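A quick write-up on the structure given underneath.
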2 protein chains.
Amino acid sequence: MHNPFIQISGSKRSLHVQVAREIARKILSGEVAQNEIIPSEMVLCEQFSVSRTALREAIKLLTSKGLLESKPKVGTRVKSRDNWNFLDAQLLDWVIDLGDNAFVYQEFLALRKAIEPEAAALAAQNATAQQRILLSATFQQMDYVSKNFDAKQWMEVDMEFHRLVFLSTGNSFYLPFANVLCTMFKSFISHSSEKGGTCIGEHRAIYSAIMAGDAEKAREANKRLLDTTNHRLPTSN
Amino acid sequence: MHNPFIQISGSKRSLHVQVAREIARKILSGEVAQNEIIPSEMVLCEQFSVSRTALREAIKLLTSKGLLESKPKVGTRVKSRDNWNFLDAQLLDWVIDLGDNAFVYQEFLALRKAIEPEAAALAAQNATAQQRILLSATFQQMDYVSKNFDAKQWMEVDMEFHRLVFLSTGNSFYLPFANVLCTMFKSFISHSSEKGGTCIGEHRAIYSAIMAGDAEKAREANKRLLDTTNHRLPTSN
DNA sequence: CCCTTATAATTATCATATAATAGCGATTGA
DNA sequence: TCAATCGCTATTATATGATAATTATAAGGG
């Protein structure tokens with residue numbers, strides 16, 4: 001009863017994640033409407049050619065991210081959009097795969113503008129000695145890559161820089177943004193890499209302010225960075 | 001082999017959620033260290049007196065929230081703290097249950113200060129007609145409750161007000177904050193309800209600015225509100 | 001000493017059976 | 001006729017046992 005097609009077509013990830021991904025796609029794209037009851041377990045098992053175990057694990061995964069809700073006798077219902085946890089990296093990955101990404105990028109930029117300046121300010125206040133060392137090393141790589149430019153390398157070091165800022169806030173609620181940001185950066189290569197526009201100056205200002213422990217300066221520097229990258233349109237990979 | 005004790009001691013929720021909650025508690029409290037391998041499925045099944053089905057669903061739930069990671073042969077490992085999704089309402093609920101809440105409240109306030117002013121500004125720009133109607137109705141209730149004060153009612157209407165602001169942003173990434181905020185408000189009754197300190201004036205300013213479509217005014221008004229509630233210490237329920 | 005292969009431990013998946021839940025209709029009594 | 005109660009049934013929830021896939025570790029060979 002094993003269907004190798006799904007194994008091959010999907011990634012190397014586990015079966016229930018592949019099934020979850022397919023169901024998520026239908027929900028996120030609107031192919032399955034909100035508040036709608038999806039087919040019963042038995043039907044979906046046949047549809048995906050997987051066991052109830054795998055299917056139920058997929059449904060549980062989507063439930064955890066706020067996409068579904070199951071009840072005996074009544075079935076499994078698609079929850080309304082305000083319950084979908086877009087701040088979950090895996091869900092965000094599925095969203096990005098839909099392709100409607102210029103809009104997602106703009107929405108994400110609006111989030112960054114709210115959260116990153118404050119994160120930089122908090123990092124200036126709370127970064128540990130080790131985090132400052134990491135940030136320092138990362139910025140030096142950044143500086144190097146900006147002079148010997150390579151799009152992929154820049155994305156990686158840029159991502160690592162901002163990731164470290166979030167981790168250095170010392171605030172639990174800022175931590176998840178690190179993963180969300182990484183997911184976005186990986187999906188939008190060249191999001192800020194056009195014609196050498198690496199904004200190294202703005203990054204240096206953020207870096208210096210954090211190292212100096214100057215929260216206000218870090219906040220303002222990060223605002224400037226985001227205002228600079230404002231108009232750039234993303235290129236999906 | 002069914003153990004009724006767990007059914008009774010836990011809530012009315014499903015078995016795997018109860019098991020997940022217990023494991024989450026051990027992880028979040030540090031009783032189980034980060035990067036540590038937890039006991040195998042068989043051992044945990046006996047420990048919790050549940051079937052492998054229930055236990056595995058519990059582990060899958062925690063995996064989805066970034067707390068665990070499983071591999072064949074190697075086992076199930078506790079992920080490092082920067083992978084825990086504190087912006088998941090269910091996980092936050094577990095965190096709150098640990099009791100160490102004054103600190104969590106302060107961290108959450110630091111998040112609100114970053115996100116809420118921008119959310120208010122976006123809401124002023126993007127709220128739909130229906131959302132404005134809802135916000136209007138909610139503020140009127142708020143106004144009423146502030147004059148006929150009741151702590152629980154105030155919490156509910158205050159929560160609903162800020163929730164609506166997030167939903168009115170029209171930005172997917174702001175939506176999850178609505179649920180996170182609700183979870184926090186429900187857990188910290190009287191977080192801003194001391195001696196009639198309902199901040200109705202500040203709320204009115206936010207409300208008016210959003211209805212008028214004045215983003216800058218909405219942002220500033222929300223900043224004022226959060227600076228006002230700054231020093232208040234929470235009381236856990 | 002390194003590379004390959006075999007082993008074993010653990011999770012992953014499958015299959016089937018039984019229990020709990022709750023919508024819905026039938027039945028009954030006023 | 002209406003309303004409350006009871007029983008039926010579809011669906012998910014949980015349990016159990018078996019088999020497959022994965023990979024760290026050890027064994028063996030060059």
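Each chain gets a letter, A, B and so on, in the order its sequence line appears, and its residues count up from 1. Every value quoted in this text rests on a predicted model; they were computed, and no experiment measured them.
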For [X] and [N], give me the distance from atom [atom1] to atom [atom2], rounded to whole Å.
| X | N | atom1 | atom2 | answer |
| --- | --- | --- | --- | --- |
| A:K71 | D:dT12 | NZ | P | 13 Å |
| B:R77 | D:dT23 | CZ | C1' | 13 Å |
| A:E41 | C:dT21 | CD | P | 16 Å |
| A:I38 | D:dT11 | CD1 | P | 13 Å |
| B:L55 | D:dT16 | CG | C1' | 14 Å |
| A:L15 | D:dA21 | CG | P | 12 Å |
| A:R56 | C:dA15 | CZ | C1' | 14 Å |
| A:I37 | C:dG23 | CD1 | P | 10 Å |

Check: [X]/[Y] side-chain N/O donor and acceptor closer than 3.5 Å:
| X | Y | answer |
| --- | --- | --- |
| A:H203 | A:D158 | yes |
| A:E107 | B:S172 | yes |
| A:Y207 | A:S136 | yes |
| B:Q131 | B:T128 | yes |

- Message: Considering every strand and a 4.0 Å limit on heavy-atom distances, what is the contact class for A:T53: base, sugar-phosphate, or nothing?
- Response: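 Base contact.
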Report task. Just call it for A:S70: base, sugar-phosphate, or nothing, with non-hydrogen atoms closer than 4.0 Å on any strand. Result ->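 Counting heavy atoms under 4.0 Å across all strands, the contact made by A:S70 is with sugar-phosphate only.
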Is there a donor and acceptor pair, one atom on the side chain of B:S14 and one on the base of D:dA13, closer than 3.5 Å?
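Checked by distance alone, the answer is no.
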Check your understanding: Reckon A:H16 has a side-chain N or O less than 4.0 Å from the OP1 or OP2 of C:dA12?
Key ->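 No, no such contact exists.
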Closest to side chain of [X], choosing from [options]:
| X | options | answer |
| --- | --- | --- |
| B:P72 | D:dA13, D:dT22, C:dT13 | D:dT22 |
| B:K73 | C:dT11, C:dC14, D:dT22 | D:dT22 |
| A:R52 | C:dT13, C:dA22, C:dA17 | C:dA17 |

Show me the side-chain donor-acceptor pairs of residues 89-99 of chain B shorter than 3.5 Å, one per line, residues at least two apart or across chains.
unit_1: B:Q90; atom_1: OE1; unit_2: B:K65; atom_2: NZ; d: 3.3
unit_1: B:D97; atom_1: OD2; unit_2: B:R21; atom_2: NH2; d: 2.1

### Query
Does B:G75 or A:S51 map to a spot on DNA chain C nearer the 5' end, using the closest nucleotide for each?
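Result of the comparison: B:G75.
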